[in-house]
Amino acid sequence: EDTTARRKDAHLDLCAKGEVEPVENSTLLEHVHLVHCAMPEMAVEDVDLSTPFLGKRLRYPLLVTGMTGGTERAGAVNRDLALLAERHGLAFGVGSQRAMAEDAARAVTFQVRQVAPTVALLGNIGMYQAVGLGVDGVRRLMDAIGADGIALHLNAGQELTQPEGDRDFRGGYEVVRALVGALGERLLVKETGCGIGPEVARRLVELGVRNLDVSGLGGTSWVRVEQLRASGVQAKVGAEFSAWGIPTAAAVATVRAAVGAQVRLVGSGGIRTGLEVAKVLALGADLAGMALPLFRAQQEGGVEGAERALEVILTGLRHALVLTGSRSCAELRRRPRVVGGVLKDWMAAL
Ligand code: FNR
């Protein structure tokens, strides 16, 4: 096994069992309160959450964000969760395709079209791998799995904590400019748990990026994952930065205010319940994104286990819509909400 694939399986083990969501970290969604409507004057079946994404129409505004690929175990995760996304009308992303860029034999572990022929599908590659691959290399990764778009992931915090990680983060906007030119609205730029703030979002949108996934602080911490693998100085500093990032609620609210309605905004990072999905939608996200909880449910119970977890989330989301008297995401966004605590400070400062 090459080092990329071996590292990926070590990551899966840590995420399946380890403490990769530090309890002190918060999305700050607890400071968002949706307001109860005692007389909703609607039926549950009136709720219509369908949403356009990547040229397709989702039944629910939910993206299973990119996690894995490259090993047999990772291939099973991809197929199980893509099947679930196909069944329920969610969008699905594979994890970093670096492993298949390095070894074409691994491509099969990223292939999900047999089980998910119509799902809105995202490929995935790191910003600094994209530099090496070039525009054509990135496009080939997307086309090789029949994806509708590709996610470019940002992970400076993870790289710095990883002993073998990148140390030079120059030239990113140039890469984005080239990729936007080639891929247009098929490009999505995402973080991996430290959040995209309004300043970076504005620059990306000025370059033509039309899909952003904030992936904020409050859920899986990749600094923590790498800290658990590191030793010495890297481990100590990794511990110090395990709570580094822009909380998801702050990222969604401030990025939406910065970029306007033409950008498809995914709110992710620590989203665990249907009510939390409703809260990020109310703050301005078009979709919510989720990684770790569905991965863990799949590891524990396969497709059925993940489906049971998803059913709880989708039911909670529908209840949130009914109890705020909202038939759609657009109506939910127009309802009153209370924002308090330190989230208010974040929103004022950014
Ligand atoms: C991830 N994530 C991720 N992101 C990415 O762009 N490429 C990748 O290869 C991976 N790999 C990966 C593996 C596993 C096991 C997890 C749990 C996560 C990050 C993921 O897409 C998401 O941005 C963060 O995990 C935050 O969401 P959650 O996990 O808090 O819901």
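What's counted below: heavy atoms across the whole structure, side chains too, no hydrogens, waters or symmetry copies. First listed ligand is number 1; within each ligand, the first listed atom is number 1. Given the structure is predicted, the values throughout are model-derived calculations rather than measurements.
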Colleague: Looking only at protein heavy atoms, identify the closest one to atom 11 (N) of ligand 1 and say how far it is in Å.
Modeller: M67 O, 2.7 Å

Colleague: Go through ligand 1 atom by atom and flag the ones less than 4.0 Å from a non-hydrogen atom of C15.
Modeller: 15 (C)

Colleague: Return yes if some donor-acceptor pair links the side-chain N/O of R335 with the main-chain N/O of G325 below 3.5 Å, else return no.
Modeller: yes

Colleague: Is there a heavy atom of A151 sitting under 4.0 angstrom from any atom of ligand 1?
Modeller: no

Colleague: Just by distance, no angles: are the side chains of D213 and S215 close enough, under 3.5 Å, to form a donor-acceptor pair?
Modeller: no

Colleague: I need the contact type for R272 against ligand 1. Using non-hydrogen atoms and a strict under-4.0 Å cut-off, is it side chain, backbone, both or neither?
Modeller: side chain

Colleague: Do the side chain of T254 and the main chain of M347 share a donor and acceptor less than 3.5 angstrom apart?
Modeller: no

Colleague: Return the closest protein heavy atom for atom 4 (N) of ligand 1 as residue, atom name and distance.
Modeller: K190 NZ, 3.0 Å

Colleague: Quick one: does L292 get an N or O within less than 3.5 Å of an N or O on ligand 1?
Modeller: yes

Colleague: Any idea which part of A291 is under 4.0 Å from ligand 1, heavy-atom wise: side chain, backbone, both or neither?
Modeller: both

Colleague: Between N211 and E185 (side chain of the first, backbone of the second, donor and acceptor by atom type, cut-off under 3.5 Å), is there such a pair?
Modeller: yes

Colleague: Does any N or O of ligand 1 fall below 3.5 Å from an N or O anywhere on G66, backbone included?
Modeller: yes

Colleague: Checking contacts here: is it the side chain or the backbone of N124 that comes within 4.0 Å of ligand 1, counting heavy atoms only? Could be both or neither.
Modeller: side chain

Colleague: Check for me whether T68 has a heavy atom closer than 4.0 Å to any atom of ligand 1.
Modeller: no

Colleague: For Q299 and R296, which I'm curious about, is there any donor-acceptor pair between the side chains at under 3.5 Å?
Modeller: no

Colleague: Enumerate the atoms of ligand 1 whose separation from the nearest heavy atom of G219 is less than 4.0 angstrom.
Modeller: 30 (O)

Colleague: If you measure from each non-hydrogen atom of S215 to ligand 1, which part falls under 4.0 Å: side chain, backbone, both or neither?
Modeller: side chain

Colleague: Hey, which atoms in ligand 1 end up nearer than 4.0 Å to a heavy atom of T192?
Modeller: 4 (N), 5 (C), 6 (O), 23 (O)

Colleague: Within a reach of under 6.0 Å around CZ of R203, are more than 12 heavy atoms found that belong to other residues, nucleotides or ligands?
Modeller: no

Colleague: In this structure, are over 12 heavy atoms from other groups packed under 6.0 Å from E45 atom CD?
Modeller: no

Colleague: E276 and K279: salt bridge (charged side-chain N to carboxylate O under 4.0 Å, His left out), yes or no, with the steps?
Modeller: CA-CA 5 Å; E276 288 170 341; K279 287 180 180 183; over 6 Å; no

Colleague: What's the shortest distance from atom 29 (O) of ligand 1 to any protein heavy atom, and which residue and atom give it?
Modeller: T220 OG1, 2.5 Å

Colleague: How about T161 and Q234: does a side-chain donor come under 3.5 Å of a side-chain acceptor?
Modeller: no

Colleague: Does G270, backbone or side chain, put an N or O under 3.5 Å from an N or O of ligand 1?
Modeller: yes

Colleague: Considering only heavy atoms of G95, which atoms of ligand 1 have at least one such atom less than 4.0 Å away?
Modeller: 9 (O)

Colleague: Could you check atom 1 (C) of ligand 1 against the protein and tell me its nearest heavy-atom contact, residue, atom and distance included?
Modeller: W222 CZ2, 3.3 Å

Colleague: May I ask you to decide whether E311 forms a salt bridge with R308, counting only side-chain N to carboxylate O separations under 4.0 Å?
Modeller: no

Colleague: One residue to check: H11. Relative to ligand 1, which of side chain, backbone, both or neither has a non-hydrogen atom less than 4.0 Å away?
Modeller: neither

Colleague: Measure across V277 and A288 and return the closest heavy-atom pair with its distance rounded to 0.1 Å.
Modeller: CG1-CB, 3.7 Å

Colleague: Note the single closest protein heavy atom to atom 22 (C) of ligand 1, along with its residue, its atom name and the distance in Å.
Modeller: T65 OG1, 3.6 Å

Colleague: Where is the nearest protein heavy atom to atom 9 (O) of ligand 1: which residue, which atom, and how far?
Modeller: S96 N, 2.8 Å

Colleague: Please determine whether the number of non-hydrogen atoms from other residues, nucleotides or ligands lying under 6.0 Å from atom CD of E72 exceeds 12.
Modeller: no

Colleague: Hey, is K17 close enough to D13 for a salt bridge, meaning N to O under 4.0 Å?
Modeller: yes

Colleague: Need the ligand 1 atom indices (1-based, order shown) with element for anything under 4.0 Å from a heavy-atom of G269.
Modeller: 26 (C), 27 (O), 30 (O)

